[in-house]
Amino acid sequence: MSYKSKLLRISDALNLLRKRLIKSADSVGILTLAASFFIFIFQIGFLHKPHELFVIGKLYNVMLGLLFVCLTIRLLLKRRKNQGIKLIATELALVSVILLILDARMSLTGFEWASSVLYGFFNHNASIYMVLFLTLILEISSSTLKLSNRNTNPGLLFLISFVLLILIGTGLLILPTASYTGISFTDAFFTATSAVCVTGLVVVDTATCFTPIGKVIIIVLVQLGGLGVMTFTSFFGYFFRGGASFGNQFLIKELINEEKLGEIFKTLVKILILTFSIEAIGVVLIYSTVDPTLFDGKLPRLGFAVFHSISAFCNAGFSTLSNGLNEIGYRHNYNLHYTIGILIMIGGLGFPVVFNFYKLIKQFLINKLRVISRKGMRKHYPRIINVNTRLVIISNVVLWLTGFIFFFFNENHHALDALSLQGKIAGSFFNAVTTRTAGFNTIDLTTLTSPTLLVIIFLMWVGASPASTGGGIKTTTLTVAVLNFFNLSKGKSRIEIFGREIAHESVRRAFAIIFLSLVVLGLSVLLLVYTDGELGISNIIFEAISAFGTVGLSLGITGHLSIAGKWIIVITMFLGRVGTLTILVSIFRKFNTYLYHYPKENILIN
């Protein structure tokens, strides 16, 4: 054997060893993160004696040591041809911080950390949580991009992400420190599903049942469920890796409803920035409008503002008040009602619509600056506001005005009778908005008249707009169905509006969604009549539609449902949030293209 052949064999052997070491480091790293997560859950989820906390601290040291070794092996041995510089910098920073934490906790180098100003940070558990959280985000994001390829069904991935989030949320809510008196598995699963599906229906009182830890778990589930787990993981995957394969891009493109592949990362960034910016503004407004005397200090007041801002923008309807916004001290705070109502409206419009208006305002301001500075002529950008945005805005305005007018005049001498004119206007506005998908209440719904309840049922069924944080069949679905009705009446074979023709695929999807919604609601009501018929058929219908539309309003029967009834509502909430059509497509979808057509034949209808 020649010298060159020996070198090649040695090189191949070393390369094989390198790959095995990297694979082993990745496996050990994932197992270490999983173990660290369970240690963290065990620490915060149970009450501990001092010696138990000492053992937990030592286990954290072991976990950090293993992570340090795994990350170091990856940094030294992994080839970075397709890896972004941000990923390398992040892993290098994590290795450095882990080393500093271990040195501060175990005095590895003999450095006098006690005299250092950084000792308090590196020796505190918060530094460990930060490192573990960042490493976990890094691994989940990388795994998401590996799973996401062009052959992956986006609907199925979307479905699985929601199921996993609900299961994790259920496990966290069962923890002893999450509730004051304990909670059953069914109630925990119901609450987790309601939070992830941004519904707001509750079988236990959120205010009195859950501890601050439990409330934090609920609002985190609401935030992740409102935006979608894939939005967060895809963003971090893009950020750390500096890009993604075409397969990743095609899948994420469908998940976030982006038309251009090159705009995917920008769209993810815009979604997150827009969400957190609006929620931050909501926190400031809510904090400044609530009465300070209702809280024990600034921190509980801030917690209330954060919780309700996220819950409102995500159209969740969860509240830390037992009677919702109908609680004494809040029911006549009309500035609070308007603030939460506007957050609900923005969250229910959908991100594409908001981005469309952002682009319009941006171009308007640029043209104004060009005219003022005299640096050139105004530029005309045709059709910035597309047909989808126009239909969404028109349909939302019609539904808001319909709800407002009907509520104001029909309940003027009933539910709103004791209020001033200002209160009646605020109440009518808020209930026209919240009944769409939010679920907050400023009045007792059991005092409403039957006609008003029927209008609310219709609004809950329609819900919010596509690509929003709300549920229901969506406003564009109803609009397309109505347009198709008028076109059939006029004998037209296609739907034309605003100089555009609505695609036949959109019409087919609209009618499929409407039909499936009626099937799901019919089955849900039928089963609930069998399991909880004593609660009243009208109450059951209202509850089922509220669950399917992910609204969260109730006539007071949610807590009285049987165990079977709770699971029926859980399934209804899940189908309403994920979408029955999405589930069917994820199961039966095939990528075959048929190049033939059978002869057409008309079927007698009506």
Side-chain angles (χ1 to χ4, degrees), residues 200 289 312 315 317 319 323-328 330-349 391-465 470-475 477-479 481-482 485-486 536-539 541-546 548-557:
T289 55
N315 281 216
S319 177
N323 296 315
L325 298 181
N326 195 32
E327 190 89 5
I328 297 175
Y330 300 89
R331 65 178 62 163
H332 299 305
N333 189 341
Y334 303 129
N335 289 331
L336 175 64
H337 299 173
Y338 282 122
T339 300
I340 291 181
I342 292 171
L343 287 171
I344 294 168
M345 293 169 71
I346 297 173
L349 281 176
L391 290 179
V392 167
I393 294 299
I394 292 172
S395 58
N396 273 285
V397 170
V398 168
L399 291 170
W400 287 329
L401 286 176
T402 301
F404 175 85
I405 293 171
F406 193 91
F407 205 95
F408 182 83
F409 287 102
N410 199 60
E411 296 297 329
N412 191 34
H413 298 295
H414 295 91
L416 303 176
D417 189 44
L419 300 178
S420 62
L421 179 60
Q422 180 188 4
K424 291 177 180 179
I425 293 173
S428 300
F429 162 79
F430 189 85
N431 285 281
V433 171
T434 192
T435 51
R436 294 280 300 286
T437 62
F440 288 101
N441 64 297
T442 56
I443 60 173
D444 183 2
L445 296 182
T446 58
T447 63
L448 297 176
T449 59
S450 297
T452 303
L453 290 175
L454 287 174
V455 171
I456 290 175
I457 285 173
F458 172 73
L459 293 175
M460 291 193 299
W461 177 65
V462 175
S465 300
I473 64 168
K474 302 297 188 294
T475 54
T477 301
L478 178 66
T479 304
V482 171
F485 164 75
F486 282 111
I537 183 65
S538 58
N539 294 334
I541 292 173
F542 192 95
E543 193 84 6
I545 295 178
S546 177
F548 181 80
T550 68
V551 181
L553 294 175
S554 176
L555 295 177
I557 70 169

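- Atoms CD and CG, from E327 and N441 in turn, are 10.0 Å apart once rounded to the nearest 0.5 Å.
- When the side chain to side chain donor-acceptor pair (under 3.5 Å) test is applied to W461, the partners found at least two apart in sequence or on another chain are S517.
- Closest heavy-atom contact between A464 and G348: CB-O, 3.5 Å.
- Interatomic distance, CG of N323 versus CD1 of I443, reported as 13.0 Å (0.5 Å rounding).
- For the side-chain contact (heavy atoms from CB on, under 4.5 Å) test, residues two or more places apart in sequence or in another chain that qualify with S554 are L201, E543, I557, T558.
- Of the residues listed (Y334, F408, Y338, W400), the one engaging F429 in a ring pair (Phe, Tyr, Trp, His ring centres under 6.0 Å) is Y338, and it is the only one.
- I537 is linked by a side-chain contact (heavy atoms from CB on, under 4.5 Å) to V525, V529, I541, counting only residues two or more places apart in sequence or in another chain.
- In this structure F430 satisfies the ring-ring contact (aromatic ring centres under 6.0 Å, His included) test together with H337, sequence neighbours excluded.
- In this structure, the separation between CG on L459 and CG on L454 is 11.0 Å, given to the nearest 0.5 Å.
- Qualifying side-chain contact (heavy atoms from CB on, under 4.5 Å) partners for N410, counting only residues two or more places apart in sequence or in other chains: F406, T449, P451, T452.
- One finds the OG1 atom of T339 at 11.0 Å from the CD1 atom of I344 (value rounded to the nearest 0.5 Å).
- The distance from atom CG of L445 to atom CD1 of I456, rounded to the nearest 0.5 Å, is 6.0 Å.
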For this session: Run the numbers on L553 and F542 for side-chain contact (heavy atoms from CB on, under 4.5 Å), then give the verdict.
Result: CA-CA 8 Å; L553 294 175; F542 192 95; 4.0 Å; yes

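- Donor-acceptor pairing under 3.5 Å is lacking for the side chains of N315 and R436.
- A donor-acceptor pair is defined here as one N or O able to donate and one able to accept, closer than 3.5 Å; such a pair exists between the side chain of T435 and the backbone of N431.
- Shortest non-hydrogen contact noted between A432 and G403 is CB-C, 3.6 Å.
- For the pair N333 (side chain) and T289 (backbone), a donor-acceptor distance under 3.5 Å is present.
- With 3.5 Å as the limit, one finds no donor-acceptor pair spanning the side chains of T437 and T550.
- Between H332 and L419 there is a side-chain heavy-atom pair separated by less than 4.5 Å.
- Nearest heavy atoms, S319 versus G324: OG-CA, 4.0 Å.
- Between F458 and I545 there is no side-chain heavy-atom pair separated by less than 4.5 Å.
- Closest non-hydrogen pair, N396 versus V392, comes out as ND2-O, 2.7 Å.
- The shortest side-chain heavy-atom distance between F407 and L448 falls under the 4.5 Å cut-off.
- Within the 3.5 Å criterion, the main-chain N or O of G439 finds a donor-acceptor partner in the side chain of T434.
- Contact annotation: the side chain of I425 approaches that of F404 to within less than 4.5 Å [non-hydrogen atoms, C-beta and beyond].
- Applying the side-chain contact (heavy atoms from CB on, under 4.5 Å) criterion to I328, with sequence neighbours excluded, gives R331.
- Residues L478 and S395 fail the side-chain proximity criterion, which asks for heavy atoms closer than 4.5 Å.
- The two residues T447 and E411 come nearest to each other via the heavy atoms O-OE1, 4.3 Å.
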